[in-house]
Amino acid sequence: MFKSLAFKEFAIQFVKSLSLDEREVFRFWCSGIIPGSKLDVNLSYDGEILRLIEFLWNDDKLSFTDLSLLRRFLLSVSRCDTLEELERVELKIAVGSIVEDYIESVNDFRPVQMKLAGEYTNIVEFLATIREGNQELISSIIEVPSREVNDNDKILENLDSAILDSQLSWSRVASSLLIMGELYASFRSVHLAENGDYVSMFSESGASECLTVWMLENGGLVSKACIIIFHSVLYTAAICD
């Protein structure tokens, strides 16, 4: 099954949006990738098309770091509407990957190579760098809500609300990711988490939706990564007021 709720929701809507002709094209698209016996499905049933996507996911033809197969298919059938939704999901997963790799890098659980964020390792390294100079501020943000609310989900809910109510900027996005990573790391068993656990947690949050929508409207991570890197001012206090 899909580990990412964000991708699972997308996959369901993706299947529902396909016409019978598009479903036939998708089945043909999967030939040579999925064994022929598994391609013998009733194209009228959403569940059977969804199982094809599940097979692709379980066989690593689709993953947190590579949804290109679906992107190529959507381009081939000129489904620009669904392609835009896929881009949003890809960005949400990428941002969740940055949070996950940040958590594991600062806790020395994955010191050699980032496995999820990939091309965004410079952002992970940037977050780790600004963390070093803001320990006192980070501690004050994390400890106060922890004393007031003995509920991890409630703490994240409060953070979601703070981000949703804030006026976002690239520096605010960077500080939001830093604080989210610190909060997750403070009350989750990082060493027990498998790759993708934090991506899944992040993608289910309101903050994830807010941050990714804003980033898409402002160029996405690829075109704006350099701006995040060079914005070294941390506006954490403003986020958590």
Side-chain angles (χ1 to χ4, degrees), residues 2-8 57 60 62-68 86-135 138 141-142 152 155-156 159-160 163 168 170-216 219-232 234 236 239:
F2 310 124
K3 202 166 190 179
S4 167
L5 179 62
F7 180 76
K8 179 179 180 180
W57 186 273
D60 294 328
L62 295 170
S63 68
F64 283 122
T65 56
D66 187 4
L67 298 176
S68 59
L86 177 62
E87 290 174 351
R88 186 183 67 82
V89 171
E90 284 183 301
L91 180 57
K92 185 179 287 190
I93 289 174
V95 174
S97 299
I98 288 169
V99 172
E100 176 149 324
D101 275 339
Y102 166 79
I103 293 170
E104 298 203 0
S105 67
V106 299
N107 286 283
D108 296 323
F109 288 112
R110 198 188 298 154
V112 178
Q113 180 181 9
M114 306 295 180
K115 296 182 179 178
L116 293 173
E119 62 187 293
Y120 305 121
T121 54
N122 53 351
I123 301 178
V124 177
E125 292 167 355
F126 168 71
L127 294 177
T129 299
I130 62 176
R131 174 183 187 260
E132 295 304 315
N134 290 276
Q135 283 300 305
I138 290 171
I141 297 300
I142 292 176
N152 294 338
I155 294 172
L156 288 180
L159 179 64
D160 284 353
I163 292 174
L168 289 177
W170 281 107
S171 55
R172 186 67 62 85
V173 168
S175 57
S176 297
L177 295 180
L178 176 65
I179 294 304
M180 292 182 80
E182 290 294 323
L183 279 174
Y184 277 122
S186 70
F187 52 71
R188 300 286 186 182
S189 299
V190 181
H191 60 289
L192 296 178
E194 298 178 358
N195 283 357
D197 285 349
Y198 289 92
V199 177
S200 181
M201 292 179 216
F202 174 81
S203 67
E204 296 175 30
S205 67
S208 165
E209 184 70 18
C210 180
L211 292 173
T212 52
V213 167
W214 187 90
M215 282 187 277
L216 274 177
L221 280 171
V222 173
S223 62
K224 293 297 183 177
C226 59
I227 296 180
I228 295 179
I229 298 303
F230 289 110
H231 275 73
S232 58
L234 185 61
T236 309
I239 290 179

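Numbers here simply count residues along the sequence, with the first being 1.
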| Reported CG-to-CZ distance for the pair L91 and R88, which is rounded to 0.5 angstrom | 9.5 Å

| task | Mind checking the CG-CD spacing from L216 to E90? Nearest 0.5 Å is all I need. | result | 10.0 Å

| said: I need the minimum non-hydrogen distance between M215 and V173, along with the two atoms involved. | reply: SD-CG1, 4.0 Å

| field | Y102 OH to L177 CG distance, which is reported to the nearest 0.5 Å | value | 10.5 Å

| request: Mind listing the closest non-hydrogen atom pair of I103 and G181 along with its distance? | output: CG1-O, 3.5 Å

| query | Just how far is it from atom CD of E182 to atom CG of L127, taken to the nearest 0.5 Å? | reply | 9.5 Å

| task | State, to 0.1 Å, how close L211 and M180 come at their nearest heavy-atom pair, and which atoms those are. | result | CD1-SD, 4.1 Å

